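In what follows, every heavy atom counts, from backbone to side chain, and hydrogens, waters and symmetry copies are set aside. From a predicted model like this one, the values you see are computed outputs, not experimental measurements.
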Amino acid sequence: MARHLITSALPYINGIKHLGNMVGSMLPADVYSRYLRQRGHDVLYICATDEHGTPAELAAKEQGIPVADFCAQAHDAQKAVYDGFALAFDYFGRSSSQQNVEITQHFARRLNENGFIEERAIRQVYSPADGRFLPDRYVEGTCPHCGYDKARGDQCENCTRVLDPTDLINPRSAISGSTDLEVRETKHLFLLQSKLQHEVEEWVSRHEDDWPQLASSIARKWLTEGLHDRAITRDLDWGVPVPADTWPELAAEGKVFYVWFDAPIEYIGATKEWSDLDPENRDWKAWWYDVDADVRYTEFMAKDNVPFHTVMFPATELGVREPWKKVDYVKAFNWLTYYGGKFSTSQKRGVFTDQALEILPADYWRYFLIANAPESDDSSFTWEHFTATVNKDLADTLGNFVNRVLSFSKKRFGEEVPAGGTPGEAETKLGAQIAELLAEYEGHMESLQFRKAAAALRALWSAGNSYLEEKAPWLEIKTDKDGAALTLRTAMNLIHLYSVVSEPFIPATAKVMREAFALTDDTAAWVGADEARALTAVPAGTPFTVPPVLFAKLTDEDLAAYKERFGGDSE
């Protein structure tokens with residue numbers, strides 16, 4: 001089977017992420033990874049916290065702890081949430097790792113040797129009180145456009161206008177608060193992306209027809225506007241150091257690489273972190289170096305990350321002049337909004353992933369988010385929509401089916417799967433329908449169409465309910481006990497099938513459904529078309545138990561409580 005390398009955009013270290021971050025990268029990557037593993041593919045799913053940059057330093061300063069300690073604690077806090085969402089990373093690393101330091105420095109040296117890095121003098125804000133140059137976000141002041149008095153030197157959070165530190169009125173240092181600021185000349189390294197424009201264009205042209213329109217259009221827009229040379233170093237205490245063997249003067253000044261340069265390289269760095277845990281059995285280069293024909297690489301990200309992954313990081317890889325693996329497929333997502341407005345970490349607007357897990361188990365969120373993933377356009381989270389989806393799809397369509405079948409069978413036939421008669425026309429029709437729907441589900445998963453895949457999965461669940469309503473075993477048992485037993489045995493086989501094919505979406509619930517049957521040899525990773533038509537994986541005589549309610553229905557009182565806590569206007 002194929003080898004699949006999968007990465008999702010690195011969550012920034014500063015703060016727990018909201019539901020929009022989850023559905024825009026990590027969750028769909030997990031669903032796809034789980035599906036591919038079930039189909040027998042060799043899968044490596046890599047992610048990491050993105051730990052460098054000004055916000056991490058500022059957050060650590062606010063807490064009064066070293067930035068390394070802040071990042072270590074924040075990494076563990078984020079990882080705990082992702083574990084709660086059952087994200088099955090093969091490895092979840094850290095961009096501050098020594099492995100990323102070494103590989104980033106290697107990339108920089110090679111780019112320099114190949115003539116794609118240039119040292120340039122620029123003018124930058126300097127704070128005598130702090131004894132250092134200030135990166136854009138270390139300069140605060142009043143926005144000249146809206147008057148917001150806590151605007152930063154790169155952007156105003158209030159009006160979202162992009163700024164330069166020299167635009168600010170009454171600028172001050174975010175470190176000391178000093179207003180005694182100067183503009184001085186300093187040197188930085190620039191990646192000469194302009195020299196790689198044509199190579200990137202040629203590379204994108206070979207792939208863009210296969211990518212979703214969202215990804216290809218963003219990449220093409222950036223290329224049409226032209227690639228500009230960009231600074232790849234900053235004056236920060238926290239980051240990948242500029243190597244002294246290549247740039248001794250800049251290294252002596254404490255320059256570090258800019259986060260946008262080292263963060264994508266961490267995909268490779270995190271793979272090496274994973275490999276170094278078991279070097280005898282894991283080879284990181286087997287996934288990344290000179291493997292274009294052997295590995296299919298898929299990236300998951302929201303649209304704001306697309307330029308970095310379709311243009312800027314490929315430019316870096318091309319400029320290195322080494323056979324590093326480049327992305328084959330970019331799965332880009334639009335925004336998930338909160339009642340039509342942006343989720344906001346800084347303004348605490350919307351539902352954050354740790355809060356979500358406090359309210360309900362992960363499977364509720366996993367299903368809803370993927371079923372409403374913002375693929376073709378933005379989608380909106382509302383508590384009304386969430387409640388309706390949970391109640392209709394999870395509680396009624398799936399949960400109620402499982403409970404009705406197992407409870408009724410236990411009551412009338414005991415705690416073993418009943419035998420019943422020979423399958424008839426209704427069962428033949430059902431098997432053909434299930435095989436067809438399963439093929440549709442597989443097709444959507446293969447093409448990474450997650451909303452369509454969720455709809456096909458929902459249709460599989462609905463087919464069981466339709467069969468149950470048609471056969472009505474609660475009536476059938478009055479005149480044809482064997483017929484009722486057959487109906488229930490067939491329905492139990494549907495439950496087992498659901499437990500297998502639903503696992504990418506709702507892994508905890510799938511496990512409960514599968515464990516309801518005490519099968520002696522239940523090792524099937526997937527369900528083939530012939531098996532779907534036959535529906536005989538759970539034979540008569542198999543012991544079973546009735547699990548607790550799979551999904552609790554949400555009430556009007558629940559809805560009111562959620563909206564009171566998190567806000568949100570009615571649709």
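Taking the six-membered ring where the residue is Trp, Phe300 and Tyr32 present tilted rings, their angle falling between 30° and 60°. Using the six-membered ring where Trp is involved, Trp203 and His207 have ring planes that are tilted, between 30° and 60° apart.
A donor-acceptor pair under 3.5 Å is absent between the side-chain atoms of Thr233 and the main chain of Val256, judged by distance alone. In this structure, Glu208 contributes its side chain and Ser217 its backbone to no donor-acceptor pair below 3.5 Å. Side-chain atoms of Tyr338 come within 3.5 Å of backbone N or O of Gly567 as a donor-acceptor pair. Using modelled atom types, no side-chain atom of Asp294 and backbone atom of Val291 make a donor-acceptor pair closer than 3.5 Å. A donor-acceptor pair is defined here as one N or O able to donate and one able to accept, closer than 3.5 Å; such a pair exists between the side chain of Asp229 and the backbone of Ser194. With hydrogens and angles ignored, the 3.5 Å screen pairs a side-chain donor or acceptor of Ser275 with a backbone N or O of Arg282. Not a single donor-acceptor pair under 3.5 Å links the side chain of Asp90 to the backbone N or O of Ile46. Between the side chain of Ser216 and the backbone N or O of Gln213 there is at least one donor-acceptor pair closer than 3.5 Å. The backbone N or O of Phe116 lies less than 3.5 Å from no partner atom in the side chain of Asn114, so there is not a single donor-acceptor pair. A donor-acceptor contact shorter than 3.5 Å links the side chain of Asp167 to the backbone of Asp164.
Glu317 CD to Leu111 CG: the interatomic distance, rounded to the nearest 0.5 Å, is 10.5 Å. Separation of atoms OG1 (Thr179) and CG (Asn170) is listed at 8.0 Å; rounding is to 0.5 Å. Remark: Glu273 CD to Ile268 CD1 distance equals 12.0 Å, nearest 0.5 Å. Rounded to the nearest 0.5 angstrom, Arg230 CZ and Trp260 CH2 are separated by 5.5 Å. For the atom pair CG of Asn305 and CE of Met312, the computed distance is 10.5 Å after rounding to the nearest 0.5 Å.
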Using ring-ring contact (aromatic ring centres under 6.0 Å, His included), reason through Phe308 and Phe313 one step at a time and then give a plain yes or no. CA-CA 6 Å; Phe308 295 98; Phe313 186 44; over 10 Å; no
Give the C-alpha distance, both sets of side-chain angles, the deciding distance and a yes or no for side-chain contact (heavy atoms from CB on, under 4.5 Å) between Trp274 and Phe92. CA-CA 8 Å; Trp274 164 81; Phe92 186 72; over 6 Å; no
Going through the checks in order, is the side-chain contact (heavy atoms from CB on, under 4.5 Å) test met by Phe333 and Leu214? CA-CA 8 Å; Phe333 291 85; Leu214 177 62; 5.5 Å; no
Report the C-alpha distance between Tyr329 and Trp211 in whole Å, list the side-chain angles of each, state the deciding distance to 0.1 Å, and finish with yes or no for ring-ring contact (aromatic ring centres under 6.0 Å, His included). CA-CA 6 Å; Tyr329 191 85; Trp211 295 346; 8.1 Å; no
Starting from the C-alpha separation in whole Å, work towards a yes-or-no answer on salt bridge (Lys or Arg N to Asp or Glu O under 4.0 Å) for Glu375 and Lys331. CA-CA 9 Å; Glu375 292 177 294; Lys331 178 61 178 179; 2.9 Å; yes
Criterion ring-ring contact (aromatic ring centres under 6.0 Å, His included) on His52 and Phe257, from CA distance to verdict: CA-CA 9 Å; His52 294 137; Phe257 287 107; over 10 Å; no
Give the intermediate values and the outcome of side-chain contact (heavy atoms from CB on, under 4.5 Å) for residues Cys156 and Leu163. CA-CA 7 Å; Cys156 175; Leu163 301 171; 4.0 Å; yes
Could you check Phe261 against Thr316 for side-chain contact (heavy atoms from CB on, under 4.5 Å), going step by step and ending with a plain yes or no? CA-CA 8 Å; Phe261 181 72; Thr316 296; 4.0 Å; yes
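Using a cut-off of 4.0 Å between Lys/Arg side-chain N and Asp/Glu carboxylate O, Asp30 and Arg366 are scored as salt-bridged. We find that Arg110 and Glu322 are joined by a salt bridge, their nearest charged nitrogen and carboxylate oxygen being less than 4.0 Å apart. With salt bridges taken as basic N to acidic carboxylate O contacts below 4.0 Å, none links Lys272 and Glu266. Ionic pairing of Glu253 and Lys187 is not present here: no N-O contact between side-chain nitrogen and carboxylate oxygen is shorter than 4.0 angstrom. The pair Arg94-Asp76 fails the salt-bridge criterion, with no side-chain N (NZ, NE, NH1 or NH2) lying under 4.0 Å from an Asp/Glu carboxylate O. Ion pairing between a basic and an acidic side chain is recognised when a charged N comes within 4.0 Å of a carboxylate O; Asp154 and Arg137 show such pairing. Between Arg132 and Asp237 a salt bridge is recorded (basic side-chain N to carboxylate O distance below 4.0 Å). Under 4.0 Å is where a charged nitrogen must lie from a carboxylate oxygen, and between Lys221 and Glu225 at least one such pair does. Electrostatic pairing of Asp354 and Lys17 does not count as a salt bridge here, judged by no charged N lying under 4.0 Å from a carboxylate O.
Between Phe352 and Phe343, the distance separating the two ring centers is not shorter than 6.0 angstrom.
For the pair Lys79 and Tyr82, the cation-pi test (distance below 6.0 Å, angle within 45°) is failed.
Arg296 has its side chain out of reach of Leu5: every pair of non-hydrogen atoms, C-beta onward, lies at least 4.5 Å apart. Using a 4.5 Å heavy-atom cutoff, the side chains of Arg172 and Val139 are not in contact. Counting heavy atoms from C-beta outward, Val311 and Leu223 have side chains that approach closer than 4.5 Å. Side-chain contact check for Ser173 versus Leu134: some heavy-atom pair is nearer than 4.5 Å. Residues Val125 and Glu182 fail the side-chain proximity criterion, which asks for heavy atoms closer than 4.5 Å. At a threshold of 4.5 Å between non-hydrogen side-chain atoms, the residues Pro66 and Asp69 count as touching. Contact check for Tyr91 versus Thr271: no side-chain heavy atoms found under the 4.5 Å cut-off. For the pair Lys61 and Phe70, the minimum side-chain heavy-atom distance is 4.5 Å or more.
Judged by distance alone, the side chains of Thr186 and Lys255 do bring a donor and an acceptor atom under 3.5 Å apart. No hydrogens or angles considered: a donor-acceptor pair under 3.5 Å links the side chains of Asp235 and His188. In summary, the side chains of Glu201 and Gln197 do present a donor paired with an acceptor at a separation below 3.5 Å, with no hydrogens or angles considered. Side-chain atoms of Glu51 and Tyr12 include no donor-acceptor pair closer than 3.5 Å. The closest side-chain donor-acceptor pair between Ser176 and Asp130 falls under 3.5 angstrom. Between the side chains of Gln99 and Asp276, at least one donor-acceptor pair of N or O atoms lies under 3.5 Å.
Heavy-atom contacts from other residues, nucleotides or ligands closer than 6.0 Å to NE2 of His145 number more than 12.
Of all heavy-atom pairs between Thr142 and Gly147, the closest is CG2-O, 3.6 Å.
Considering Tyr339, Tyr367, Trp365 as possible partners of Phe386, the one that fulfils the ring-ring contact (aromatic ring centres under 6.0 Å, His included) test is Trp365. The ring-ring contact (aromatic ring centres under 6.0 Å, His included) test with Tyr297 is passed by exactly one of Tyr45, Trp288, Trp287: Trp288. Of the residues listed (Lys325, His309, Glu299), the one engaging Tyr267 in a side chain to side chain donor-acceptor pair (under 3.5 Å) is His309, and it is the only one.
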